[in-house]
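A note on names: the letters A, B, ... follow the listed sequences, proteins ahead of strands, and every chain is numbered from 1.
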There are 2 protein chains.
Amino acid sequence: MKQLKDTSTEEKILEAAKEVFMKYGLYGARMQDIADTAGINKALLHYYFRNKEKMFDKVFEGALQKYFTQMDVFGDTTLPIKERIFRYIDNIVNFLSEYPQMTMFIIKEISINPEMFKEKVQPLKKGRGVRFIQALEEEISTGKIKKVDSVMFMINLHSLCTYPFIGAPLFKHALKANGKDYEKDFSTEKLKQSAKNFVELTLGK
Amino acid sequence: MKQLKDTSTEEKILEAAKEVFMKYGLYGARMQDIADTAGINKALLHYYFRNKEKMFDKVFEGALQKYFTQMDVFGDTTLPIKERIFRYIDNIVNFLSEYPQMTMFIIKEISINPEMFKEKVQPLKKGRGVRFIQALEEEISTGKIKKVDSVMFMINLHSLCTYPFIGAPLFKHALKANGKDYEKDFSTEKLKQSAKNFVELTLGK
DNA sequence: TTTGCATTTAACCAAACGGTTAAACCATTC
DNA sequence: GAATGGTTTAACCGTTTGGTTAAATGCAAA
């Protein structure tokens, strides 16, 4: 019962901290706001996580871990390259639709404090995009797919899969002004199909 | 000499305010930080812009105006649709590469305070994307281009043009881990070509 | 030179901020 | 039921925050 209550409070705080830090960033977030969101006394924040910076680190490291773990799954080497990319698309679109704010959170914070990247990402990152680009260039050299700019292809594919979630607030209003509805006219399945179509058309043969 | 000095100070403040607000957002920005960046006394901020909120409003409204003015240029109706889209791509990629932080700034702040959108965007926005999607659907109905999902096409094209700048901090590190170099292997011209190629392949015929 | 007025500054203020503490609480153990 | 020890709280502290003020500065007209 003891341990259960402990982790419960600690996780309530962590959940609230995620929410507030993701919305306002390290400098914009207020400890009182986190406490209110968690529905607990402010002093408990310091009881479980000494101070604001340490609490932020926990949240940010958790986000990095989750993000780079998911975004680096470029599985089964025995599959044909297109099938690998298709599964990669399914995987990251599912992930990004579940955590639409995470990408911006990470980008914002590392652009404010670039040293964090070296400290926290380099260790856990054996190389995002490495397997993707390498695999692509190998397939190009064997002539199985069209000669494409591997860097631009990787950037374009990530753009297609990522920005629809980041830019949702803009798209929602732009579409409404157009008699369209983001919730109705956009879907993750349509997006997956678009992205796969892009791959097919670009790598084609 | 009087008027010249006035506007000079006021613009120094506005420039500094843009920089700091874009980096930290409304809540994360510090008035002292803005004053230091502008190289002037903190009290001058209140002399020229009564308080933080009013100063932020000026900066944010300026950003909105610039953004939606540029992103809504979908010019010459007499040109063929593909040529119109190509020019649109040139236009927004040039703009986004010049102000790479602006998109995120706008998205972040309107997702924190959605009412601002209605207050500040609706008035100056006769309908972003309206002309784009409408023109597209007209061309589809006449059979001049392939039958595509106009909403998804618009989202995908904006993703291709926008995210490479937003995600630059991520791409830089991902590419470095890969023996590539963002500054060398990515360029706005390559991006324009990619986007136009996407249009060609998607709308084809 | 002096007057008048916009601009700039240092000093200051109350409120909000992150953080601490001592006491209260509460479930478990003896 | 008394003692133990982890958990929670209200009250508090020093600093930073946005904002104000009165005095100083500088410049142009009289």
Side-chain angles (χ1 to χ4, degrees), chain A residues 1-63 105 108-109 112-113 115-116, chain B residues 1-63 105 108-109 112-113 115-116:
Chain A
M1 204 57 155
K2 207 193 324 180
Q3 234 124 355
L4 211 86
K5 216 182 173 189
D6 289 15
T7 43
S8 157
T9 298
E10 195 170 336
E11 286 202 3
K12 268 199 294 182
I13 294 176
L14 256 181
E15 279 309 304
K18 277 183 206 171
E19 193 180 320
V20 176
F21 278 130
M22 285 209 184
K23 196 167 176 184
Y24 297 106
L26 172 56
Y27 295 118
R30 306 280 176 251
M31 296 295 269
Q32 190 60 59
D33 191 2
I34 295 172
D36 292 346
T37 304
I40 47 97
N41 187 284
K42 198 188 65 170
L44 279 179
L45 304 183
H46 299 90
Y47 178 75
Y48 285 100
F49 311 84
R50 296 172 67 84
N51 55 44
K52 195 186 184 185
E53 272 70 28
K54 285 202 188 349
M55 201 165 98
F56 176 81
D57 279 356
K58 267 273 165 71
V59 170
F60 191 62
E61 278 167 18
F105 176 54
K108 258 279 160 193
E109 296 301 324
I112 287 174
N113 188 354
E115 287 106 59
M116 283 203 303
Chain B
M1 203 58 154
K2 208 193 328 181
Q3 233 124 357
L4 210 87
K5 217 181 171 188
D6 290 14
T7 43
S8 156
T9 298
E10 195 170 335
E11 286 201 3
K12 268 199 292 181
I13 294 175
L14 256 182
E15 279 308 306
K18 277 184 205 170
E19 192 181 321
V20 176
F21 277 130
M22 283 208 186
K23 195 167 177 184
Y24 296 106
L26 172 56
Y27 295 117
R30 305 281 177 252
M31 296 296 269
Q32 190 60 61
D33 191 1
I34 295 172
D36 293 346
T37 304
I40 47 98
N41 188 285
K42 199 187 66 172
L44 279 180
L45 303 183
H46 298 90
Y47 178 76
Y48 284 100
F49 310 85
R50 297 173 68 83
N51 55 44
K52 195 185 184 185
E53 273 70 28
K54 286 204 188 346
M55 203 164 98
F56 177 82
D57 279 356
K58 267 273 165 71
V59 170
F60 191 62
E61 278 167 19
F105 176 54
K108 258 279 160 193
E109 296 302 324
I112 287 174
N113 188 354
E115 288 106 59
M116 281 203 303

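- B:Gln32 has its CD atom 10 Å from the C1' atom of D:dT16, to the nearest Å.
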Kindly give the atom pairs (protein nitrogen or oxygen, nucleotide nitrogen or oxygen) under 3.5 Å for nucleotides 10-14 of chain C.
unit_1 : atom_1 : unit_2  : atom_2 : d
C:dA10 : OP2    : B:Asn41 : ND2    : 3.3

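- OP1 or OP2 of C:dG19 lies within a sub-4.0 Å distance of a side-chain N or O belonging to A:His46.
- A straight line from CG of A:Leu44 to C1' of C:dT21 spans 14 Å, rounded to a whole angstrom.
- Between A:Leu14 and A:Tyr48, every side-chain heavy-atom pair lies at or beyond the 4.5 Å cut-off.
- The two residues A:Tyr24 and A:Ala29 make their nearest non-hydrogen contact at CB-N, 3.6 Å.
- With rounding to whole Å, A:Met55 atom CE is found 9 Å from C:dG19 atom P.
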Please tabulate, for the side chains in residues 34-47 of chain B, all donor-acceptor contacts under 3.5 angstrom to protein atoms that are two or more places apart in sequence or on a different chain.
unit_1  : atom_1 : unit_2  : atom_2 : d
B:Asp36 : OD1    : B:Gln32 : NE2    : 3.0
B:Thr37 : OG1    : B:Asp33 : O      : 2.7
B:Asn41 : OD1    : B:Ala43 : N      : 2.8

B:Val20 vs B:Arg30, test: side chain to side chain contact (heavy atoms under 4.5 Å, CB included). Steps then yes/no.
CA-CA 8 Å; B:Val20 176; B:Arg30 305 281 177 252; over 6 Å; no
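- In this structure, B:Asn51 atom CG and C:dA15 atom P are separated by 17 Å, rounded to whole Å.
- Applying the salt bridge (Lys or Arg N to Asp or Glu O under 4.0 Å) rule to B:Lys18 yields the partners B:Glu15; only residues at least two apart in sequence or on another chain are considered.
- Between the OH atom of B:Tyr48 and the C1' atom of C:dT9 there is a distance of 13 Å, given to the nearest Å.
- Here C:dC17 presents its C1' atom at 13 Å from CD1 of A:Ile34, a figure rounded to the nearest Å.
- In this structure, the side chain of A:Lys108 does not engage the main chain of A:Met22 through any donor-acceptor pair within 3.5 Å.
- Side chains of B:Ile13 and B:Glu10 form no contact here, defined as non-hydrogen atoms less than 4.5 Å apart.
- When the P atom of D:dT15 is taken as reference, atom NZ of A:Lys52 falls 18 Å away, rounded to whole Å.
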Which donor-acceptor pairs under 3.5 Å do the side chains of residues 56-63 of chain A make with protein atoms, sequence neighbours left out?
unit_1  : atom_1 : unit_2   : atom_2 : d
A:Asp57 : OD1    : A:Lys120 : NZ     : 3.4

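- Within residues 13-30 of chain A, the residues that place at least one heavy atom under 4.0 Å from DNA chain C are, in residue-number order, A:Ala29, A:Arg30.
- Between B:Tyr47 and C:dT9, a side-chain N or O to OP1/OP2 separation shorter than 4.0 Å is absent.
- Nearest nucleotide to the A:Met31 side chain, out of C:dG19, D:dG18, C:dT9: C:dG19.
- A:Lys52 places a side-chain N or O within donor-acceptor distance of the main-chain N or O of A:Leu26, the cut-off being under 3.5 Å.
- In this structure, CG of A:Asp33 is placed 14 Å from P of C:dA16, rounded to the nearest angstrom.
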